[in-house]
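For this chain, numbers begin at 1 and follow the sequence in order.
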Amino acid sequence: MSFYESLKGNLIFDHEREVEVSYFVFRLILSLGLSILLLSLLLYLARYCKLRNLKKKIAFFFPTILSIALLLQVLLGSGPKGLDFLPMVGARYEVSQVEVVEIYSFHRVLMNDGVTYYYNGFAQTFEVGELYQISSTPWSHYIVEFKII
């Protein structure tokens with residue numbers, strides 16, 4: 001029995017919530033996978049630079065650039081999603097009333113509270129200027145549920 005199946009057995013999931021949790025977990029896995037890939041590439045390049053097998057001196061800066069990219073990925077991607085995992089499966093969300101200001105690509109939306117939220121674009125749609133009551137996760141601002149007010 002997988003971890004997801006054990007969670008599903010212990011919590012009451014309706015179909016819509018199951019879709020939202022699945023989408024969130026999928027994005028979390030992608031984000032963690034990217035972090036692991038960046039970390040492994042950083043370790044490889046650091047080891048390669050330590051052995052001084054470089055032909056160009058500029059290549060010594062690649063591990064520094066990669067470590068900055070890894071730090072940004074963890075701070076802006078994997079970290080907030082990882083912190084939101086327990087509130088997501090425990091259905092502990094922040095509820096707020098917001099108006100859509102702008103819709104961005106990659107299923108992101110800017111609300112009038114100044115926060116950019118992301119959502120499941122395959123199951124949800126938003127209209128600019130509409131007022132919504134949304135339920136979102138506290139750290140990564142993932143919109144789980146919404147209704148038009």
Heavy-atom side-chain proximity of M111 to V109 below 4.5 angstrom: yes
Shortest non-hydrogen contact from S105 toward R108: O-NE, 3.3 Å
Side-chain donor-acceptor pairs of residues 63-73 under 3.5 Å, sequence neighbours excluded:
residue	atom	partner	partner atom	Å
S67	OG	P63	O	3.3
S67	OG	T64	O	2.7
Q73	NE2	S31	O	3.1
Q73	NE2	S31	OG	2.9
Q73	NE2	S78	OG	3.3

Hphob cluster co-occupancy, I29 + F26, side-chain heavy atoms under 4.5 angstrom: no
Minimal non-hydrogen separation, Y132 against I149, with atom names: C-CD1, 3.8 Å
From E99 atom CD to L110 atom CG, the distance as rounded to the nearest 0.5 Å: 11.0 Å
Inter-residue atom distance K147.NZ - Q97.CD, 0.5 Å rounding: 9.0 Å
pair M88-K81: side-chain heavy atoms closer than 4.5 Å: no
Listed partners of F24 passing ring pair (Phe, Tyr, Trp, His ring centres under 6.0 Å), at least two apart: Y142
Pair Y119 and F146, ring centroids less than 6.0 Å apart: no
Test item: Y93 side-chain N/O and I134 main-chain N/O as donor-acceptor pair under 3.5 Å: no
Spatial distance of atom CG (N120) from atom OG1 (T125) [nearest 0.5 Å]: 11.0 Å
Whether Y117 and H141 hold their rings parallel, tilted or perpendicular, with breakpoints at 30° and 60°: perpendicular
Heavy-atom closest pair, residues L28 and G82: CD1-N, 3.7 Å
For V95 against Q133, the heavy-atom pair lying closest together: CG1-NE2, 3.2 Å
